[in-house]
Protein chains: 2
Amino acid sequence: MFFSKTCEYAIRAVLFIANRSEDAPKAGIQEIAQGIDSPGHFIAKILQVLVRNGLIQSTKGPNGGFYIDSQNRQYTLADIVKVVDGERLFKGCGLGLSQCSETKPCPLHESFKGIRQQIYETLTSTKIGEFNEALNQGLQYLKER
Amino acid sequence: MFFSKTCEYAIRAVLFIANRSEDAPKAGIQEIAQGIDSPGHFIAKILQVLVRNGLIQSTKGPNGGFYIDSQNRQYTLADIVKVVDGERLFKGCGLGLSQCSETKPCPLHESFKGIRQQIYETLTSTKIGEFNEALNQGLQYLKER
DNA sequence: TTATTAAGAGAGTTTAAAGTCTTTTATTGG
DNA sequence: CCAATAAAAGACTTTAAACTCTCTTAATAA
């Protein structure tokens with residue numbers, strides 16, 4: 001809807017890992033791919049980017065996998081979106097004009113300002129660990145089936 | 001940001017034609033492409049779809065072109081978006097789950113409900129003719145340069 | 001110290017959106 | 001009726017996102 005498919009997978013994966021990291025230690029790629037119903041190799045690529053940008057941690061080898069330490073649980077959805085989709089959603093023009101601005105606005109500039117603001121506030125105020133309980137209780141889902 | 005590129009062009013073209021239709025009669029493809037700074041052949045394809053769906057009118061031949069009659073000036077941005085991008089923006093799940101719903105929600109379902117609603121209200125309440133004055137006065141723009 | 005495990009890296013393929021080109025059809029002014 | 005004009009239609013190409021595959025590197029447990 002607002003995010004690229006890559007970003008949708010990224011958010012779902014991070015919420016999965018954040019939840020996983022509470023009790024059991026590390027989650028492997030197969031487990032993550034299964035847990036959010038995404039293509040294994042594809043989510044692997046995405047996780048590489050998230051690790052490189054410090055949003056999640058990983059270790060190789062036996063008992064290795066992906067996890068999120070206590071520090072990183074403070075990250076928000078906005079952090080993920082910025083890393084994966086860039087600033088497009090927060091700064092881009094609704095009609096695709098690269099020079100759209102306060103002084104040279106497109107017709108939708110004003111209306112979209114409020115919407116953009118609401119999205120920004122929602123994403124910056126949502127921490128990646130805050131869904132753990134609902135997910136564990138089966139009140140919210142990260143995959144279809 | 002929210003729309004496909006095709007849809008961005010579509011909205012800009014319709015606003016251009018709506019404005020054009022106030023005084024001078026019909027606008028040709030070259031003129032429209034120039035007026036919104038879009039690829040000529042591409043906007044031609046898009047306009048075909050809009051005509052087929054009754055959002056704008058056209059006539060062929062000398063003095064032909066695209067125009068919007070008084071009836072159709074009542075159409076809103078939401079009508080254009082529905083024709084070009086479908087219901088995705090209004091109904092799709094933020095995390096890409098096809099079965100996301102009130103009873104089986106993704107973690108972002110609740111937060112996104114309000115945002116989606118605000119977008120919907122903005123688009124359904126914005127008529128395609130309402131920017132004519134601002135466009136004519138050079139207060140709003142449909143292209144960069 | 002080596003076999004095994006699991007992520008990292010990079011190249012390759014597929015698919016869908018974006019954009020182009022050519023031919024056909026409709027309109028109209030002469 | 002005919003030539004010119006302009007949109008309609010459809011096939012085609014390009015580009016970028018989505019997705020896959022294979023090989024490498026790091027960690028560890030025996």
Side-chain angles (χ1 to χ4, degrees), chain A residues 1-14 17 20-21 24-34 36-68 81 83-86 88-89 95-96, chain B residues 1-14 17 20-21 24-34 36-68 81 83-86 88-89 95-96:
Chain A
M1 209 168 62
F2 306 139
F3 308 133
S4 68
K5 212 138 203 306
T6 303
C7 191
E8 291 174 353
Y9 286 139
I11 294 174
R12 281 155 63 190
V14 169
I17 297 168
R20 229 7 261 298
S21 293
K26 291 162 197 155
I29 279 186
Q30 289 321 311
E31 187 189 353
I32 296 168
Q34 227 251 55
I36 66 170
D37 191 30
S38 74
H41 283 122
F42 191 38
I43 195 65
K45 286 276 116 185
I46 300 170
L47 292 179
Q48 280 177 27
V49 175
L50 297 177
V51 169
R52 224 178 284 138
N53 283 272
L55 290 178
I56 61 177
Q57 335 315 126
S58 72
T59 58
K60 294 180 177 180
N63 305 319
F66 298 88
Y67 61 101
I68 293 178
V81 174
V83 161
V84 179
D85 279 350
R88 180 180 63 85
L89 183 60
L95 294 185
Chain B
M1 211 169 60
F2 306 139
F3 309 133
S4 68
K5 213 134 202 305
T6 302
C7 192
E8 291 174 353
Y9 286 141
I11 294 174
R12 280 154 65 190
V14 169
I17 298 169
R20 228 7 260 299
S21 292
K26 291 161 195 155
I29 279 186
Q30 289 321 312
E31 186 189 352
I32 296 168
Q34 226 252 55
I36 67 171
D37 191 30
S38 75
H41 283 122
F42 191 38
I43 195 64
K45 286 276 114 187
I46 299 170
L47 293 179
Q48 281 177 28
V49 174
L50 296 178
V51 169
R52 223 178 284 139
N53 283 273
L55 290 178
I56 61 176
Q57 333 317 125
S58 70
T59 57
K60 294 180 177 181
N63 305 319
F66 298 88
Y67 62 102
I68 293 177
V81 174
V83 161
V84 179
D85 279 351
R88 180 179 62 85
L89 183 60
L95 294 185

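Within every chain, numbering begins at 1; the chains are lettered A, B, ... in the order of the sequence lines, protein sequences first and strands thereafter.
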Judged by each residue's nearest nucleotide on DNA chain D, which is more toward the 5′ side, Pro62(B) or His41(A)? Pro62(B)

Rounded off to whole Å, could you give me the NZ-to-C1' distance for the Lys5(B) and dA17(C) pair? 11 Å

Within the side chain of Ser21(B), is there an N or O that forms a donor-acceptor pair under 3.5 Å with the backbone of Ile68(B)? yes

Which nucleotide, dT20(C), dA7(D), dC19(D), lies nearest any side-chain atom of Ser58(B)? dA7(D)

Just the rounded figure in Å: distance from C1' of dA17(C) to CD1 of Ile46(B). 11 Å

Closest heavy-atom contact between Phe2(A) and Arg88(A)? O-NH2, 3.2 Å

dC19(D), OP1 or OP2 - any side-chain N/O from Tyr9(A) closer than 4.0 Å? yes

Tell me: CG of Leu47(A) to P of dT20(D), nearest whole Å? 15 Å

Can you say whether a donor on the side chain of Lys45(A) sits under 3.5 Å from an acceptor on the base of dG10(C), or the other way round? yes

Verify the neighbour count for atom CD of Gln34(A): are there more than 12 heavy atoms of other residues, nucleotides or ligands below 6.0 Å? no

Output yes when at least one side-chain N/O atom of Asn63(A) is less than 4.0 Å from OP1 or OP2 of dA29(D), else no. yes

Contacts of Gln30(B) and Ser4(A) projected onto DNA chain D by closest heavy atom; the upstream (5') one is Gln30(B)

Donor-acceptor pair, Asp85(A) side chain versus Phe3(A) backbone, under 3.5 Å? no

Side chain of Asn53(A), backbone of Val49(A): donor and acceptor closer than 3.5 Å? yes

Whole-Å distance, Glu31(B) CD to dT5(D) P, equals 17 Å

Using whole Å, report how far NZ of Lys60(B) lies from C1' of dA9(D). 9 Å

Between dT25(D) (P) and Gln48(A) (CD): distance, integer Å: 14 Å

Using whole Å, report how far CD1 of Ile56(A) lies from P of dA7(C). 10 Å

Separation of dA7(C) P from Arg52(A) CZ (nearest whole Å): 15 Å

Looking only at side-chain N and O atoms, does Thr59(A) come under 4.0 Å of OP1 or OP2 in dA7(C)? no

Classify Gly65(B) by what it touches in the nucleic acid, base, sugar-phosphate, or nothing, heavy-atom distance under 4.0 Å. sugar-phosphate

